Each structure stands twice: as structure tokens, then as C-alpha cells.
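Note: hydrogens, waters and symmetry copies are ignored here, and every other heavy atom, side chains too, is used. Everything numeric here is computed off the predicted structure, so don't read it as measured data.
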Amino acid sequence: FFCFIFSCRSSAKLVAPLGCLVSRQKHTLPDLPYDYAALEPHINAEIMQLHHSKHHATYVNNLNVAEEKYKEALAKGDVTAQVSLQPALKFNGGGHINHTIFWTNLSPNGGGEPKGELMEAIKRDFGSFANFKEKLTAVSVGVQGSGWGWLGYNKEQGRLQVAACANQDPLQGTTGLIPLLGIDVWEHAYYLQYKNVRPDYLKAIWNVINWENVYSRYAACKK
């Protein structure tokens, strides 16, 4: 069934495939590599605190509950229960994966443009950094309801692609693309500061993108 694994070595922890281990460690909320107020004025402290300590924490807690129920269903051979639990595993597992990437994609020392191989790949696959930025912004603005905009790496084709995922659908699990940069466009990521004007939030977030982290993910996925 669902085996949620962070594909790049630069990602923090590997998540054990569901049902593959009889005993497993519970998922935990990762610490942020910066203070809640560190991304101001682009993302304010209140949003960051609620987003991390409440929303992400809820995905982690619900994922642990769903995995425990799934383990019980496996032990009982209850296939119906296993199938019925898959939406909860996908939603909460995806929420945990997506946010764990998202926090590291941001930095108070971020912004500007990437350098080196990543910049060359962006120019090759999108024509220019400006074109890439415009495309990822447009994809993110265009998400209906809640979801994510992504820059991903297509390992088979050896190129970068932008994509959107609904709700908390994890990029690799639903498209096969390896996640490099994710932009959360759920309203809880911006509403307290930007109200319903998603384009203003998306304009601001480019000032805190951690290109070193995105590059390290890109380099790891190419090996």
C-alpha cells in the first residue's frame, strides 16, 4: 500500500514503509531551523507558529493514529479496514511529508536567485529564471481550493517540471516527480496576513526561498 519515503538524501528522515515493520518509531514534529518570527515581514510569526505547532502537528498525530489502526488491520487480515484507512494515510502522511520539506525550503537568509547547476537547469528547462518563477507562481495561484505548487525533478527525463497537487497529496507519490521546492497554498499558510489575496502571499514568499536547500535536493536526486 502506501510507503511514504523521502526520496532525496537531503530530506531529514526516512519514513518506514507502512506495515513493513512490526514495531516502528512514531512520527514526530520536526523542529524549525529558525524562529517563528524569522521570516517576517514576508510571513509573520503568528502564521508560522499556528502552521507549525498546530497544523503540522495535527498531521503528525493523525498519521500515527492511522498507522496504528492500519497495523491492527494487517494483523487481523482485515483488508476492508486497510483500504478504508488509505485516504487518512495519504492525507496525513502527505501533510507530514510536504510540511517537512516546506520548512527547509524557507530561510530568513533566502530570496534572490539560485546559482550553479540548479540555475543552469532552470534556464535549460524554462528558458529563464523569470519564466520559471512566473510558471510556478501561476500554477500555485491556480490551485482550486487547497493544495501545493511544486518544482520537481523528473528522474526519467532528467529535467525539472512544475506541478500542482490538491490537498496534501504528496508530489512523488501522486506524480512521480521528486520534490525540490514546495509552496503551500492552503489558506492557513497565509490568510492571517494576506486574507484571501493569494497572489500577494506568493509574491512575498520568493523573498524567503532557501535556494541552498533546493540545490542540495536537486544535487542529491541527480546522483
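Heavy atoms of other residues, nucleotides or ligands lying less than 6.0 angstrom from NZ of Lys115 number 12 at most. The local environment of CD in Glu212 is sparse, with at most 12 non-hydrogen atoms from other residues, nucleotides or ligands closer than 6.0 Å.
Considering every non-hydrogen atom in both Arg198 and Val143, the closest pair reads NH1-O, 2.8 Å. The shortest heavy-atom contact between Asn92 and Thr58 is OD1-O, 4.4 Å.
His188 and Tyr59 have tilted rings, their planes meeting at an angle from 30° to 60° on a 0 to 90° scale. The aromatic rings of Phe102 and His51 lie tilted to each other, with the angle between the two planes from 30° to 60°. Taking the six-membered ring where tryptophan is involved, the planes of Trp211 and Phe132 are perpendicular, since the angle between them exceeds 60° and thus also 30°.
Pro179 has its side chain within reach of Gln172: a pair of non-hydrogen atoms, C-beta onward, lies under 4.5 Å apart. Between Leu29 and His52, the closest side-chain pair of non-hydrogen atoms falls below 4.5 Å. In this structure the side chain of His42 never reaches within 4.5 angstrom of the side chain of Ile205, judged on heavy atoms.
Of the possible donor and acceptor atoms, one in the side chain of Glu40 sits under 3.5 Å from a partner among the backbone N and O of Ala45.
Take Tyr153 and apply the side chain to side chain donor-acceptor pair (under 3.5 Å) test, not counting sequence neighbours, and it matches no residue. Partners of Ala138 under the side-chain contact (heavy atoms from CB on, under 4.5 Å) rule, at least two apart in sequence or in another chain, do not exist in this structure.
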Do Gln168 and Trp148 pass the side chain to side chain donor-acceptor pair (under 3.5 Å) test, and can you show the C-alpha distance, the side-chain angles, and the key distance before you say yes or no?
CA-CA 8 Å; Gln168 293 297 351; Trp148 292 72; 2.9 Å; yes

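Counted by atom type alone, His55 and Trp186 present zero donor-acceptor pairs between their side chains at under 3.5 Å.
Only one option out of Asp184, Asn210, Asn213 pairs with Asn105 in a side chain to side chain donor-acceptor pair (under 3.5 Å); it is Asn213.
Residue pairs satisfying the side chain to side chain donor-acceptor pair (under 3.5 Å) criterion with at least one member in residues 132-145, sequence neighbours excluded, are listed as follows: Thr137-Trp206.
A salt bridge does not link Lys69 to Glu72: none of the charged nitrogens lies less than 4.0 Å from a carboxylate oxygen.
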